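Data first, discussion second: the structure below is written as structure tokens.
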Amino acid sequence: MSSSVFAVVTAAGSGSRLGHDTPKALVQLAGVSLVRRAVDGIRVAGVDGVVVTAPPTHLGEFEQIFAQEPDVAVVPGGNIRQDSVYNGLLEIPRLAKRIGKELDERTPVLIHDAARCLTPKRAIRDVIEALESGLKAVIPAVPVTDTQKVVEPVGASSKIEKVVGQVDRAQLRGVQTPQGFHWETAMRAHEAGRELLAQGVELTDDAGLVEALGEDVHVTPGSALSMKITTKLDLVVAAEILARPDQYQSLMGE
Ligand code: CTP
Ligand code: MG
């Protein structure tokens, strides 16, 4: 059992698909902002210190939210999520020192989207416990429900595509956060990620950077509640879930 756990909560995006005037992480869901929900949710799962990446334009507002919480540091995010995560990781040693918690090569570090603010404790604990058992990279994921096809465009101007292949749905997983790594693995993967970006290669998740190093990534059960709030519809669905405590409780147990 490791003595400490850290997290980076990525909240520096604008939320262009949600379409609010404020950054997405400041949008309220049943009276509480997404970033507040995400930080509190990860804390109750046993995380000792959290670095929040904030949009540089709203840094002061985010600092204000967590001003009374010494276990939370706020740093400016970057242009893309990978830059934000990297900035967040760089702050972890300072935060560890400030709160007097140990940080070593095997310390679990979670990388979590503020947009997945309803992630249940069980899904987070599963990732932490897998890391503490010795696995170096662990991601939560769920089976996909739609049949999946591979397509190609039929012409530059047409909206119609052609099916060129299919994949066995049973083998596919939809990947969520928090993605967890041993501290040394997280840093090494993200340092390599800087190089990949410089070569024009952009990966969409943190585990992809570990896979690019040729190292194993393991999968724990995700949760329907870890849905990423991306569109207006997602916000409506999330509000509806919170308005139905029985449903919420039962989803939390799944
Ligand atoms: N994120 C970040 N830094 C960025 C971009 C995104 O920290 N430069 C964060 C977002 O705040 C979010 C998470 O990464 O919590 C997942 O990103 P996404 O859901 O795509 O959020 P946005 O980028 O804000 O939304 P959109 O793509 O619709 O603009
Ligand atoms: Mg985005």
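What's counted below: heavy atoms across the whole structure, side chains too, no hydrogens, waters or symmetry copies. All ligand and atom numbering here is 1-based and tracks the order in the structure. Positions are given from 1, in the same order as the sequence printed here. Nothing here was measured: the structure is a model prediction, and the numbers come from that model.
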Protein contact of [atom] - nearest heavy atom, named by residue and atom, plus distance:
{"atom": "atom 8 (N) of ligand 1", "answer": "G78 O, 2.9 Å"}
{"atom": "atom 22 (P) of ligand 1", "answer": "G15 N, 3.7 Å"}
{"atom": "atom 3 (N) of ligand 1", "answer": "S84 OG, 2.6 Å"}
{"atom": "atom 15 (O) of ligand 1", "answer": "T10 O, 2.7 Å"}
{"atom": "atom 27 (O) of ligand 1", "answer": "R17 NH2, 2.9 Å"}
{"atom": "atom 7 (O) of ligand 1", "answer": "A12 N, 2.9 Å"}
{"atom": "atom 23 (O) of ligand 1", "answer": "G13 CA, 4.0 Å"}

*State whether the number of non-hydrogen atoms from other residues, nucleotides or ligands found under 6.0 Å of Q28 atom CD is greater than 12.*
yes
Which bit of [X] gets closer than 4.0 Å to ligand 1, counting heavy atoms only: side chain, backbone, both or neither?
{"X": "I80", "result": "backbone"}
{"X": "K24", "result": "side chain"}
{"X": "R116", "result": "neither"}
{"X": "V85", "result": "neither"}

*So is A11 close enough to ligand 1, meaning a heavy atom under 4.0 angstrom away?*
yes
*Hey, quick one: are I111 and F6 part of the same hydrophobic cluster, counting side-chain heavy atoms closer than 4.5 Å, chains of contacts allowed?*
yes
_L251-L235 co-clustered via ILVMFWY side chain contacts under 4.5 Å_ = yes
Sidechain N-carboxylate O distance under 4.0 Å for [X], [Y]:
{"X": "R81", "Y": "D113", "answer": "yes"}
{"X": "E69", "Y": "R36", "answer": "yes"}
{"X": "E191", "Y": "R194", "answer": "no"}

*Give a yes or no answer on whether the side chain of E161 reaches the backbone of V154 with a donor-acceptor pair at less than 3.5 Å.*
no
*Closest to atom 13 (C) of ligand 1 among D234, T230, D113 (heavy-atom distance)*: D113
Counting from 1, what ligand 1 atoms have a heavy atom of [X] closer than 4.0 Å?
{"X": "S14", "answer": "24 (O), 29 (O)"}
{"X": "K228", "answer": "18 (P), 19 (O), 20 (O)"}
{"X": "N79", "answer": "8 (N)"}
{"X": "T53", "answer": "7 (O)"}

*Within a strict 4.5 Å, meaning less than it, do heavy atoms of the V27 and L18 side chains meet?*
yes
_When you compare the side chain of R188 with that of L209, does any pair of heavy atoms fall below 4.5 Å?_
no
*Measuring from T220:OG1 to I128:CD1, what's the distance to the nearest 0.5 Å?*
10.5 Å
